[in-house]
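Below is one structure, written out as structure tokens; comments come after it.
A note on names: the letters A, B, ... follow the listed sequences, proteins ahead of strands, and every chain is numbered from 1.
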Number of protein chains: 2
Amino acid sequence: MPNPATIRVASEPFGLAQARVACSQCNLRELCMPVGLSEAESSQLDRLVATRRTLRKGEALFRLNDPFTSLYAIRLGTFKTRVGTSDGRDQVTGFQVTGELVGLDGIGSGRHACDAVALEDAEVCEIPYVRLDKIARELPALQRHFHQLMSREIVREHGVMLLLGSMRADERVAAFLLNLLQRMHTRGYSGREIVLRMTREEIGSYLGLKLETVSRTLSRMADEGLISVNQRRVRIEALDRLRAMVQAGDAQS
Amino acid sequence: MPNPATIRVASEPFGLAQARVACSQCNLRELCMPVGLSEAESSQLDRLVATRRTLRKGEALFRLNDPFTSLYAIRLGTFKTRVGTSDGRDQVTGFQVTGELVGLDGIGSGRHACDAVALEDAEVCEIPYVRLDKIARELPALQRHFHQLMSREIVREHGVMLLLGSMRADERVAAFLLNLLQRMHTRGYSGREIVLRMTREEIGSYLGLKLETVSRTLSRMADEGLISVNQRRVRIEALDRLRAMVQAGDAQS
DNA sequence: CGACATTTTGAACCTGTTCAAAAACAGTGG
DNA sequence: CCACTGTTTTTGAACAGGTTCAAAATGTCG
């Protein structure tokens, strides 16, 4: 009889808020963990994850100023991270999808520096930071991998700064679509179609535009035959022309 | 007789491009290294730095796509980092001053993801990444410190995204001035006056504005008695009113 | 089905940009 | 040390892209 504290298959989508799981068995391994480890090393990774946690659409994984304890690997779902301002404005700093990591913002000060909110029902693996830290010391490959993750996040943000600081509305939207498309494609989804899990307003916040501008830009792109839009469903009709709009776009993660 | 390969005082500002130095003796220790280490631990840090390097104004510390080998602790001077676009535009992603670290962008891919250029004659300590990695494994406090540094960089960039995505020109400029003021003040400089080591154009690039807008905004702020501007020298005349402009500004590093 | 949220589209407006020219400054070499 | 050249900064005026405000249309969820 399997020890329920060791391995547990996620058959039911909800209700198992406290299931321990084995990273070595996870089908997202190659996304959030280093590859090329020995059997023994690989099994070390299983000590990483404390618990699973499921979230409903709209629920926060953590909030600004929450004490930082863990990173979260997204097993399923989409999140947004956002920073707020005292006078109510807020800025979406990123969208995170299945296989990506959230929570790096908290390491610096011991408290989270942003909110992370589920845009759809979601499931995450909780990785206690002290544990990661310890195992990384024993497993150089993991340490490297972790440093690379953080560095890539810094570089991704450089890309967003480039976008926010120097691109026009249509370029921003094109860059956003292409980036999301590429990330979803990597994860086995279509390379020509994406489903936007976020509202026009959230896209606008991320891109430094008003929701009306996002909507208008999408409409215009559709008129010009670049894409076709059906609510949250966007199909890329002319990948090359879309790419050409973003020659400014070596950018983004 | 002191071993010249171990300790070397920086008496002459230039000409000693290859001097080894002891971190434990460095007057920037508390800025770039963790505090509260034992004598023995502290001396471990001396293995970190490979060489010093001096740069002339305008010289690049590294460039986009340069192979990544090292991080650099700035001992003296100011740098800008920038990412470029194929069509010539570029975006300044940050300004780094004495005591700060540059180069984290390279860890992710093994190549630098931006240019780092000296805005004035400068001096840096080269910290080979493999060496840092190794010592960090033996010295948990150092590892923590390093992770915190990276995380803070991520959070800083969140702040810049907030600035670029949701603030108006005068708010951006105010946030920029206050941030720089605070960082220089931390390093022992005046809390009321800063010398801008960068051009209006570079400030504009960082803030997502044109140089004319930066200039006009500074002029207007001066008219209103918030600051007084004398070329690159800016004196803050009404810190409280300047702060009030940026209530949007929990932001920036 | 009904209440509420999201999206689309229009028209006036405003902030920041663009283009241009003059002024101030910095570095170079005589 | 000063004159000269190129760069940086300031300021003006016209312009444009994106915002704002508003209303209708479409979707979504209980």
Side-chain angles (χ1 to χ4, degrees), chain A residues 56-59 78 80 88-89 91-92 117-121 163-177 195-224 227-234 245 248, chain B residues 56-59 78 80 88-89 91-92 117-121 163-177 195-224 227-234 245 248:
Chain A
R56 287 256 139 79
K57 180 175 178 175
E59 214 181 322
T78 307
K80 68 172 173 183
R89 280 178 281 186
Q91 170 75 24
V92 170
V117 179
L119 297 180
E120 55 184 329
D121 291 349
L163 180 148
L164 290 172
S166 75
M167 289 169 68
R168 285 190 332 242
D170 51 353
E171 299 173 320
R172 296 186 197 195
V173 173
F176 167 73
L177 291 176
V195 178
L196 304 174
R197 249 68 225 214
M198 61 294 288
T199 67
R200 304 288 191 261
E201 184 170 23
E202 288 163 334
I203 297 173
S205 171
Y206 180 59
L207 299 179
L209 301 170
K210 295 292 148 181
L211 68 100
E212 294 95 329
T213 307
V214 174
S215 176
R216 268 186 258 268
T217 305
L218 288 174
S219 299
R220 194 167 341 108
M221 284 177 166
D223 288 348
E224 294 169 356
I227 58 177
S228 49
V229 183
N230 194 314
Q231 277 307 111
R232 302 271 177 112
R233 186 164 257 107
V234 177
M245 293 185 65
Chain B
R56 287 258 139 80
K57 180 177 179 175
E59 215 181 320
T78 308
K80 68 172 173 184
R89 281 179 280 187
Q91 171 74 25
V92 170
V117 179
L119 298 180
E120 56 184 329
D121 291 350
L163 180 148
L164 290 172
S166 76
M167 290 170 67
R168 282 179 331 189
D170 50 354
E171 299 173 321
R172 296 185 196 195
V173 173
F176 167 73
L177 291 176
V195 178
L196 304 174
R197 249 67 226 214
M198 61 294 286
T199 67
R200 304 288 191 261
E201 184 169 23
E202 287 163 334
I203 297 172
S205 171
Y206 180 59
L207 298 178
L209 302 170
K210 295 293 149 179
L211 68 100
E212 294 93 329
T213 307
V214 174
S215 176
R216 268 187 258 269
T217 305
L218 289 173
S219 299
R220 193 168 342 106
M221 285 177 166
D223 288 348
E224 292 168 359
I227 58 177
S228 50
V229 183
N230 195 313
Q231 276 307 112
R232 301 275 177 108
R233 187 165 256 107
V234 177
M245 294 185 63

With B for base contact, S for sugar-phosphate-only contact and - for none (protein heavy atoms under 4.0 Å), nucleotides 8-16 of chain D reads SSBBBB---
Length of the line joining [X]:[atom1] and [N]:[atom2], which is rounded to integer Å:
X: B:Arg168; N: C:dG16; atom1: CZ; atom2: P; value: 6 Å
X: A:Asn230; N: C:dT6; atom1: CG; atom2: P; value: 18 Å
X: A:Leu119; N: D:dT28; atom1: CG; atom2: P; value: 16 Å
X: A:Asp121; N: D:dC29; atom1: CG; atom2: P; value: 10 Å
X: A:Arg197; N: D:dT28; atom1: CZ; atom2: P; value: 12 Å
X: A:Leu196; N: C:dT6; atom1: CG; atom2: C1'; value: 13 Å
X: A:Glu120; N: D:dC29; atom1: CD; atom2: P; value: 12 Å

Looking at every strand, decide which applies to A:Gly208 at a 4.0 Å heavy-atom threshold: base, sugar-phosphate, or nothing. sugar-phosphate
Note: for B:Asp170 and B:Lys57 on DNA chain C, the residue whose nearest nucleotide lies more 5' is B:Asp170
Taking atom CD of B:Glu120 as the centre, report whether more than 12 heavy atoms of other residues, nucleotides or ligands fall under 6.0 Å from it. yes
Donor-acceptor under 3.5 Å ([X] side chain, [Y] main chain):
X: B:Ser205; Y: B:Val92; value: yes
X: A:Asp121; Y: A:Lys57; value: yes
X: B:Arg172; Y: B:Leu207; value: yes
X: B:Arg200; Y: B:Ser215; value: no

Check whether any side-chain heavy atom of B:Met167 lies under 4.5 Å from a side-chain heavy atom of A:Arg89, and answer yes or no. yes
So, does A:Lys210 get its side chain near the phosphate of D:dC21, meaning an N or O under 4.0 Å from OP1 or OP2?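 Looking at the OP1 and OP2 atoms of D:dC21, neither is under 4.0 Å from any side-chain N or O of A:Lys210.
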